[in-house]
Every structure is written in structure tokens, then in C-alpha cells.
Amino acid sequence: MHHRITGWFAATARELPWREPDCSAWGVLVSEVMLQQTPVVRVLPVWQEWLERWPTPAGLAGEPAGEAVRSWGRLGYPRRALRLHAAAAAIVRDHGGTVPGTFAELLALPGVGSYTAAAVAAFAYGRRETVVDTNIRRVHARLFSGVALPSPSLSATEMRLAAELLPDDAGTSVRWNAAVMELGALVCTARAPKCTDCPVRDSCAWLAAGEPPPSYVPKGQAWHGTDRQVRGAVLAVLRLADSPVPPEMFQREPADLGFAAEGIGVPLAALHRLNSAAEQLERALAGLLGDGLAELHEGGYQLPA
DNA sequence: GAACCGTGGAA
DNA sequence: TTTCCAAGGTT
């Protein structure tokens with residue numbers, strides 16, 4: 001099993017910049033955070049820009065948090081940008097500017113949970129870590145448990161299985177982690193898995209069981225009409241604004257604002273098109289302030305300085 | 001454990 | 001057009 005999957009990986013793995021041998025641990029950390037719930041193709045260009053602009057944690061830590069949020073662009077979940085900025089500051093303060101290499105040290109960084117800590121320790125430092133992400137969970141679920149999808153939340157049983165499967169040798173374990181993840185991303189996908197391309201289809205418990213459907217229906221997240229949608233639209237305005245945006249600008253028709261809406265007219269119009277209640281807009285603004293994604297300056301909203 | 005947090009491309 | 005979901009983390 002290990003040989004077949006790692007052999008497949010060696011032959012077909014994607015060339016990604018954060019997988020290059022000369023990629024720094026900082027580059028790996030940035031990639032892992034950006035890849036949290038965001039597809040590779042959308043991360044690639046933003047990652048390149050970040051690493052050119054901030055090749056070290058100190059570079060990012062030396063700039064306002066708002067610059068991290070602004071350059072995050074439309075990757076989504078912008079709190080990740082804020083936490084990456086905070087992580088950079090912590091790395092400078094507590095680790096002399098060098099990304100730490102142990103699971104525990106990494107886990108202590110803002111925005112770094114058990115997956116990201118294990119992934120950075122493994123992929124940046126070659127350590128033997130039990131890496132479990134959504135891809136690995138799905139592969140294990142099908143291959144060994146014979147079910148279409150893993151349960152909604154990560155269980156101790158799954159962690160135990162992943163730990164047992166991990167090769168003893170550190171270098172081999174790193175390749176194993178990356179290979180299973182890649183298999184889940186490219187072949188053993190959530191929808192329409194490409195089983196004919198799978199190197200271990202002969203051993204798959206799910207295929208052997210006749211591809212039984214999922215035992216539960218994943219409930220999707222609502223989007224239209226939600227606070228999140230309004231937050232996103234407000235933040236799109238703030239990213240483009242080069243001066244504080246007065247609250248009333250979020251309420252009015254952009255056409256009525258005239259030259260005042262110069263530069264932010266498009267995202268302002270998009271926000272207005274949502275036609276959200278004043279109460280919802282206030283909730284979104286308050287939420288952004290509370291999360292540190294925005295701050296008040298001379299009566300207007302702006303990205304954190 | 002559940003809720004919440006963005007965005008865009010594919011099916 | 002709507003739904004699904006992508007290298008999760010925090011509260």
C-alpha cells in the first residue's frame with residue numbers, strides 16, 4: 001500500500017512552489033495557512049506575491065496588519081491574514097525570526113491548529129508527524145473503512161489509524177503524508193472520484209463494498225443574505241479604500257456619493273446591491289471591528305494600521 | 001459539539 | 001440556477 005501510493009506520488013505529483021527543496025519554512029507556513037479551505041489554484045498567485053514582498057516573518061511583522069489583510073485579496077476567511085501577521089510577530093518575538101520546527105511551538109502560533117502544526121513540522125522540517133487533513137481523512141475512510149466520506153468531525157479513532165499507518169522513517173513518513181494528501185486531492189476526490197486512476201483501487205474497501213453512498217448529508221453553509229456576505233462586501237470596500245470610509249457611505253447609493261466614492265465605487269455598489277438591513281450592516285461592521293479586521297479612524301472605517 | 005468565519009469554480 | 005466544497009481554526 002505504502003509503496004504503491006508513494007510510487008504514484010513520485011510519478012504524478014504537482015509541482016508546487018512550496019514543495020521545492022529551496023522553499024523556506026516561512027514559505028511553507030504561509031502556504032499552509034492560505035490553503036486552509038482555499039483551493040491551490042487560487043492560492044498560487046497570492047503566495048508568490050507574499051513571498052516576494054515578505055520573504056521573512058520579520059518583513060511581514062514590520063508592516064501594519066492591514067497590509068496583510070489587503071494583500072490577502074479575495075482568498076477568503078481574511079482573519080487568516082490577521083493571524084498570519086500575528087504569527088509573524090510571535091516568531092520574531094519568541095523565536096528570533098525563525099519559524100519554529102516542533103509541533104508544540106508551531107501549535108502555539110496564532111492561526112496554527114493541529115493540522116497546520118503537523119504539516120509545517122513535516123514538510124518544512126522533515127519531521128515524522130501524523131498529518132491529517134480532509135484529503136487524508138477521505139482516503140482513509142474509503143480505503144480502510146469502506147465508507148464514502150469521513151464523519152463530520154475528526155475522531156480519535158481516525159488519528160490512531162493515521163498514526164499506525166505512518167512509516168517509522170522520518171523521510172519516508174513525510175513522503176507518505178504528502179502522497180496520501182495528493183491522492184485525495186487529485187484522485188480520491190469528494191465528488192466523482194477517479195477510481196480508474198487510483199494506484200490502490202484493488203485494495204479499496206469502499207470499492208469492494210460497491211461504492212455505498214454517504215450515510216449522511218453534509219449541510220452546506222448558507223451564504224446569500226448572511227452576515228458573512230455583508231462582511232465580505234464591506235471588507236472588499238476597505239481593501240480598496242485609501243482613506244477612512246465614513247459609515248454613511250455604506251448606506252447610500254454609490255451614485256449619490258459622487259466623487260466621494262472614487263476608487264471604491266464598484267465594491268460599494270456590490271455592497272448596496274445586497275440590500276441588507278441597516279441592522280445587519282451594523283452587525284457586520286461591529287463584527288469586523290471586534291475581530292480586528294477593521295478599525296475606526298477619524299469617524300471612518302479602515303483596515304487596521 | 002456546534003456555530004461561525006469568505007470566495008469562486010465545477011458539477 | 002443552485003449546490004457543493006476546498007491542505008481548518010477559534011470561540
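Chain letters run A, B, ... following the sequence lines, proteins first and then strands; every chain starts at 1. Excluded from the calculations below are hydrogen atoms, water molecules and symmetry mates; all remaining heavy atoms, backbone and side chain alike, are included.
Heavy atoms of A:Arg137 sit nowhere under 4.0 angstrom from any nucleic acid atom. Residue contacts shown for A:Leu82 are absent, as no nucleic acid heavy atom lies under 4.0 Å away. The residue A:Arg228 sits close to a base: some heavy atom pair falls under 4.0 Å. As judged by a 4.0 angstrom heavy-atom cut-off over every strand, A:Gly232 is placed among residues touching the sugar-phosphate backbone only. At the heavy-atom level, A:Ser31 lies nowhere under 4.0 Å from the strands shown. Note on A:Gly76: a base of the nucleic acid sits closer than 4.0 angstrom, heavy atoms only. Note on A:Ala190: only backbone sugar-phosphate atoms sit closer than 4.0 angstrom, heavy atoms only; bases stay farther off. Contact annotation for A:Pro78: backbone-only contact, meaning every heavy-atom pair under 4.0 Å involves sugar-phosphate atoms and none involves a base. Residue-level contact check: A:Arg283 touches neither bases nor backbone, having no heavy atom under 4.0 Å from any strand. At the heavy-atom level, A:Ala192 lies nowhere under 4.0 Å from the strands shown. When heavy atoms are screened at a 4.0 angstrom cut-off, A:Ile136 is found touching no nucleic acid atom at all. Contact annotation for A:Val41: no contact, since no heavy-atom pair falls under 4.0 Å across all strands.
Place A:Gln221 and A:Leu154 on DNA chain B by their nearest nucleotides, and A:Leu154 ends up nearer the 5' end. Closest-nucleotide positions on DNA chain C for A:His224 and A:Tyr115 were compared, and the one nearer the 5' end corresponds to A:His224. The nearest heavy atom of DNA chain B to A:Ser153 and to A:Gln229 marks one nucleotide each, and the one closer to the 5' end goes with A:Ser153.
The P atoms of C:dA7 and B:dA11 are separated by 15 Å, rounded to the nearest whole Å.
With salt bridges taken as basic N to acidic carboxylate O contacts below 4.0 Å, one links A:Asp291 and A:Arg231. Taking the charged nitrogens against the carboxylate oxygens, A:Glu63 and A:Arg70 have no contact shorter than 4.0 Å, which rules out a salt bridge. Using a cut-off of 4.0 Å between Lys/Arg side-chain N and Asp/Glu carboxylate O, A:Glu279 and A:Arg283 are scored as salt-bridged.
Atom CG of A:Leu109 is separated from atom P of C:dG9 by 12 Å (rounded to the nearest Å). Rounded to an integer number of Å, the gap from A:Leu35 CG to C:dA7 C1' is 5 Å. Nucleotide C:dT11 holds its C1' atom 14 Å from the OH atom of A:Tyr77, rounded to whole Å. If you take CG of A:Leu44 and P of B:dT7, they are 19 Å apart, rounded to a whole angstrom. In this entry the distance linking CH2 of A:Trp72 with C1' of B:dG6 reads 11 Å, nearest Å. Rounded to whole Å, atom C1' of C:dG8 lies 12 Å from atom CG of A:Leu107. Rounding to whole angstrom units, CZ of residue A:Arg80 and P of C:dT11 are separated by 16 Å. Spacing between atom CG of A:Leu29 and atom P of C:dA7 amounts to 18 Å, rounded to whole angstrom units.
Ring centroids of A:Trp54 and A:Trp26 are separated by 6.0 Å or more, keeping the two rings apart.
Criterion: ILVMFWY side-chain heavy atoms under 4.5 Å apart, direct or through other members. Under it, A:Tyr115 and A:Leu149 are not part of a common hydrophobic cluster.
Applying the 3.5 Å distance criterion, the base of B:dG8 shares no donor-acceptor pair with the side chain of A:Thr38. No N or O donor and acceptor, one from the side chain of A:Arg79 and one from the base of C:dT10, sit under 3.5 Å apart.
Distances were taken from every side-chain heavy atom of A:Leu293 (C-beta onward) to each of B:dG1, B:dG6, C:dA7; the shortest belongs to B:dG6. The side chain of A:Trp223 has B:dG6 as its nearest neighbour among C:dG8, B:dG6, C:dC5.
A close approach under 4.0 Å does occur between a side-chain nitrogen or oxygen of A:Arg231 and OP1 or OP2 of B:dG6. The phosphate of B:dG9 has neither OP1 nor OP2 within less than 4.0 Å of any side-chain N or O from A:Arg74. Phosphate proximity of C:dA7 to A:Gln36: absent, as no side-chain N or O sits under 4.0 Å from OP1 or OP2. A sub-4.0 Å separation between OP1 or OP2 of C:dA6 and a side-chain N or O of A:Thr134 is present. Contact annotation: A:Arg42 does not reach the phosphate of B:dG6 (side-chain N/O to OP1 or OP2, under 4.0 Å).
No hydrogens or angles considered: nothing links the side chains of A:Glu49 and A:Ser71 as a donor-acceptor pair under 3.5 Å. Looking only at atom types and distance, the side chain of A:Thr102 has a donor-acceptor partner in the side chain of A:Glu105 under 3.5 Å away.
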